[in-house]
Amino acid sequence: MNVSDYELIERCLSGDKNAFRPLVEQYQRYVFDTVFRMVYNYETAKDLTQEVFMKAFAKLHTFNPKYTFGVWIHRIAIHSAIDFLRRRKPEYLILDNDSDPDALPMREQIADTSFSPYSKVASSEAFKRIQKAVYELEPKLKAVVILRHFREMNYDQISDVLKIPLGTVKNRLFRAREKLQEVLLQHQPSVGDTVS
Amino acid sequence: MKCRKFKYWLDEYLDGELPDTVERDLIEHKNSCESCRLVFEKRLKLFAMMKSAKNDCISQDLADQIMETITAYPMPEKIRYHGKAILVATTFALAVFGLLFFTGINNVMNGTSIYDSAQKVISSVHFPEEMNRNWGEMQGFFMGWISASIALLQFVASIVSVLILEYPHITLMVLGLLVMAGIQIVSGKSRFRKSQAGYNSKF
């Protein structure tokens, strides 16, 4: 594991609360991005990011040096986001319901270019389509996609974060990609069309 | 390599997780099979799209807010030592309970009645006859109490064993409830300790 992270954790456990600050500063960006992609709401992502670090601090004594702090904090982040989505499911599931635009805060955020927490370069329509397609995956599939494609974790790390076997990681990634491909590439001219 | 296997290995290949030997077979198959080549190109396109969306969010710095809340937290290391102590105590308690349980079962199997066990408890207590006794008497006195304690525990274990054999569902349910109550008491004390130290979070 990263030696400096380990030392910081040891210092925290020895009573130095300020040793936790470098860990927050180093990982908050990744945690926020992961959580945001899971819930697609800026304010919620902010609250959840804080909650993730609070939980991490409160449970620091349970940290297993077998994993890196990055893997461990992402485990807390993903589970917090999934718990949140489970609690808020009814509100978040109406994303596709066009009949009631007032009840679609998420859709508004995705459509509103001034909202994007990403850089302006990344605010293109294509970018937002991908974000929306990922958001609409079921939480378990969304988690593996985010960890693989946006956090660039390998299969072992994803398996550690989600505490699932390698085979399940591969299976979920395959299912998620099939769905993404169906949504993102269905309106595009396929290679097969040009060949025939 | 068959087309079905090609689809199975494709994601691992694009993720860079495929062993070299399989990778060679996969590329050979892609070059020789038109439909699998199309599958490959479609998947490659998806990977490129996902890569284009990999910009991290721009978020405000939350470190100050997080550290401010953390200041009100109890130190996690205290809980660590409590956790270890609870683990050791639980293991010890389970070991003692297991030993006594099997002793009790053994008593019941050997036909020792609960009444006999109770007699054994009473007979193992040696009360001193005089106050000015010598060391040997003192030893006998303490040994008597120790053997009485063990006999008492065996007596309790015999009762539990009889109950388990006669009314297994009810007894196991009651024991389960007792264990759950014990856990609740321990965790309740832990939560209390946190709240005493200013633990005011929602989780």
Nearest-0.5 Å distance, CG of residue A:Asp47 to CD of residue B:Gln65: 9.0 Å

Point-to-point distance, once rounded to the nearest 0.5 Å, from CG of A:Leu166 to CD of B:Glu17: 8.0 Å

Straight-line distance of B:Thr71 OG1 to A:Phe20 CZ, nearest 0.5 Å: 11.5 Å

Nearest non-hydrogen partners of B:Ala63 and A:Val24, listed with the distance: CA-CG1, 3.8 Å

Verdict with reasoning, A:Arg21 to B:Asp64, per side-chain contact (heavy atoms from CB on, under 4.5 Å): CA-CA 8 Å; A:Arg21 181 179 273 275; B:Asp64 287 337; 2.9 Å; yes

Nearest-0.5 Å distance that lies between atom CZ in A:Arg175 and atom CG in B:Asp11: 13.0 Å

Interatomic distance, B:Asp15 atom CG to A:Ile158 atom CD1 [nearest 0.5 angstrom]: 7.5 Å

Partner chain B: residue of A:Arg148, A:Glu152, A:Glu25, A:Arg177 with the largest heavy-atom pair count (under 4.5 Å): A:Arg177

Inter-residue atom distance B:Phe47.CZ - A:Gln181.CD, 0.5 Å rounding: 9.5 Å

Closest approach of B:Ile70 to A:Lys17 (non-hydrogen atoms, all atoms of both residues): O-NZ, 3.6 Å

Toward chain B, the part of A:Leu180 with a non-hydrogen atom under 4.5 Å: both

Among B:Arg43, B:Met67, B:Met50, B:Lys51, residue most engaged with chain A (heavy-atom pairs, under 4.5 Å): B:Arg43

Shortest non-hydrogen contact from B:Met49 toward A:Leu185: SD-CD2, 3.6 Å

